[in-house]
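Read through the structure below, which is laid out as C-alpha cells, and then see the notes.
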Amino acid sequence: QVRLRESGGGSVQAAGSLRLSCAASGQSVRNIICMGWFRQASGKRREGVAAVNRGTGTTYYADSVKGRFTISEYKGRDTIYLAMSSLKPEDTGMYFCAARRYGSCSLDSAYGDWGQGTQVTISS
C-alpha cells in the first residue's frame, strides 16, 4: 500500500552538508499524514530526527539536530527531504524514512511504514 524509498546517503567530512530524499508511492499514499526521518547508530537505539505533518506543515525536530537539519516536502512528487548541515561524527547512522496514516506526528508517535534506510557516515 505504501512504499518508501530513501536516497542521498553517503560519506561526508564533519561540518559538511548532505541532503536525503524519500519518495512515497502506492495506493495509500493519499492517506499518509506524517512523514519523518529516524536514525540508528551502531549499538544504539533508533531515534527520531525530524518529521512533518503534511496537512498542517508543522515540523518536529530532535533537540540534537535543531538549527542544523531541515525537513521539507515536494508534495507534487510525494517526496520529503532532509537537508543536513554542520554535520558531526555523532550524526553517523542508518537513516530511515517513515510514514504514519494518522495525525499527531511527533517523533515519539508510532510510525508504521518504513523504508529500508540509507547510510550516512560523517568523518572527522
Side-chain angles (χ1 to χ4, degrees):
Q1 291 185 309
V2 175
R3 188 174 186 86
L4 304 172
R5 297 179 178 180
E6 305 97 333
S7 62
S11 181
V12 67
Q13 191 80 0
S17 300
L18 205 59
R19 182 172 181 260
L20 306 182
S21 299
C22 173
S25 62
Q27 294 184 346
S28 296
V29 167
R30 65 185 179 87
N31 296 323
I32 295 174
I33 300 299
C34 315
M35 291 187 71
W37 292 94
F38 295 75
R39 68 186 181 189
Q40 186 170 28
S42 180
K44 296 185 177 181
R45 294 180 178 274
R46 183 186 66 195
E47 64 175 343
V49 176
V52 60
N53 183 315
R54 302 185 74 212
T56 66
T58 302
T59 56
Y60 307 81
Y61 294 96
D63 288 341
S64 61
V65 307
K66 287 181 179 178
R68 299 189 298 120
F69 291 12
T70 300
I71 188 169
S72 60
E73 58 180 329
Y74 187 164
K75 293 183 178 180
R77 294 185 179 182
D78 295 311
T79 301
I80 62 165
Y81 306 91
L82 185 67
M84 305 182 290
S85 62
S86 301
L87 285 162
K88 307 173 181 179
E90 49 263 48
D91 292 318
T92 294
M94 183 70 71
Y95 283 67
F96 298 90
C97 179
R100 176 176 163 87
R101 305 180 193 182
Y102 302 92
S104 183
C105 302
S106 62
L107 296 172
D108 59 358
S109 296
Y111 284 72
D113 298 295
W114 296 85
Q116 294 187 321
T118 184
Q119 179 67 36
V120 171
T121 302
I122 312 302
S123 60
S124 299

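Keep in mind the model is a prediction, meaning the values are calculated, not measured.
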Task: Rounded distance [0.5 Å steps], OG in S21 versus CZ in R77 - done: 10.0 Å

TODO: Please answer whether the main-chain N or O of G9 pairs with a side-chain N or O of T118 as donor and acceptor at a distance below 3.5 Å.
DONE: yes

Open item on the list: Once rounded to the nearest 0.5 Å, what's the spacing between atom SG of C105 and atom CD1 of I33?
Closed with: 7.5 Å

TODO: Could you check if a side-chain atom of I80 sits within less than 4.5 angstrom of a side-chain atom of Y74, using non-hydrogen atoms only?
DONE: no

TODO: Before giving the answer on side chain to side chain contact (heavy atoms under 4.5 Å, CB included), spell out for R46 and M94 the whole-Å C-alpha distance, their side-chain angles and the decisive distance to 0.1 Å.
DONE: CA-CA 9 Å; R46 183 186 66 195; M94 183 70 71; over 6 Å; no

- [ ] Decide if atom CD of E90 counts as having more than 12 heavy atoms of other residues, nucleotides or ligands within a radius under 6.0 Å.
- [x] yes

Task: Residue Q119 excluded, over 12 heavy atoms near CD under 6.0 Å - done: yes

Open item on the list: Between R39 and D91, is there a side-chain heavy-atom distance shorter than 4.5 Å?
Closed with: yes

Open item on the list: Strictly below 4.0 Å, N to O, side chains only: are D113 and R101 in salt-bridge contact?
Closed with: yes

TODO: Determine, using the 4.5 Å side-chain heavy-atom cutoff (strictly less than), whether W37 and I122 are members of one ILVMFWY cluster.
DONE: yes

Task: Working for side chain to side chain contact (heavy atoms under 4.5 Å, CB included), residues D78 and K75 - done: CA-CA 5 Å; D78 295 311; K75 293 183 178 180; 5.9 Å; no

Task: Donor-acceptor under 3.5 Å (R100 side chain, G103 main chain) - done: yes

- [ ] Return yes if some donor-acceptor pair links the side-chain N/O of Y60 with the main-chain N/O of D108 below 3.5 Å, else return no.
- [x] no

Task: Sub-4.5 Å side-chain heavy-atom contact between Y61 and T70 - done: yes

Task: Nearest heavy-atom neighbours spanning L4 and A24 - done: CD2-CB, 3.6 Å

- [ ] Before giving the answer on side chain to side chain contact (heavy atoms under 4.5 Å, CB included), spell out for M35 and N53 the whole-Å C-alpha distance, their side-chain angles and the decisive distance to 0.1 Å.
- [x] CA-CA 7 Å; M35 291 187 71; N53 183 315; over 6 Å; no

Open item on the list: To the nearest 0.5 Å, what is the distance between OG on S124 and CD on Q13?
Closed with: 7.0 Å

Open item on the list: Would the distance check show the side chain of S109 and the main-chain N or O of S104 forming a donor-acceptor pair, the cut-off being under 3.5 Å?
Closed with: yes

TODO: Answer yes or no: is there a donor N or O on one side and an acceptor on the other, between the side chain of R68 and the main chain of S64, under 3.5 Å?
DONE: yes

- [ ] Fit a plane to each ring of F69 and Y95, take the angle between them on a 0 to 90° scale, and name the class: parallel (under 30°), tilted (30 to 60°) or perpendicular (over 60°).
- [x] tilted

TODO: I would like to know whether V65 and E47 meet side chain to side chain contact (heavy atoms under 4.5 Å, CB included); could you show each step before the answer?
DONE: CA-CA 12 Å; V65 307; E47 64 175 343; over 6 Å; no

Open item on the list: Would you say that Q40 contacts R45 through its side chain, given a criterion of any heavy-atom pair below 4.5 Å between the two side chains?
Closed with: no

- [ ] For R19 and A83, indicate whether the former's side chain and the latter's backbone hold a donor-acceptor pair under 3.5 Å.
- [x] no

- [ ] Spell out, yes or no, whether F96 and M84 are grouped together once hydrophobic residues are joined by side-chain heavy atoms under 4.5 Å, including indirect joins.
- [x] no

Task: Residues D63 and K66 bridged, charged N to O under 4.0 Å - done: yes

Open item on the list: Given 3.5 Å as the limit, does a donor-acceptor pair link the side chain of E6 with the main chain of G117, or not?
Closed with: yes

Open item on the list: Could you measure the distance from the CZ atom of F38 to the OH atom of Y111? Nearest 0.5 Å is fine.
Closed with: 5.0 Å

Task: Heavy-atom pair with the smallest gap, counting every atom of V2 and V29 - done: CG2-N, 4.3 Å

Task: Cluster check V12, L20: I/L/V/M/F/W/Y, side chain < 4.5 angstrom - done: yes

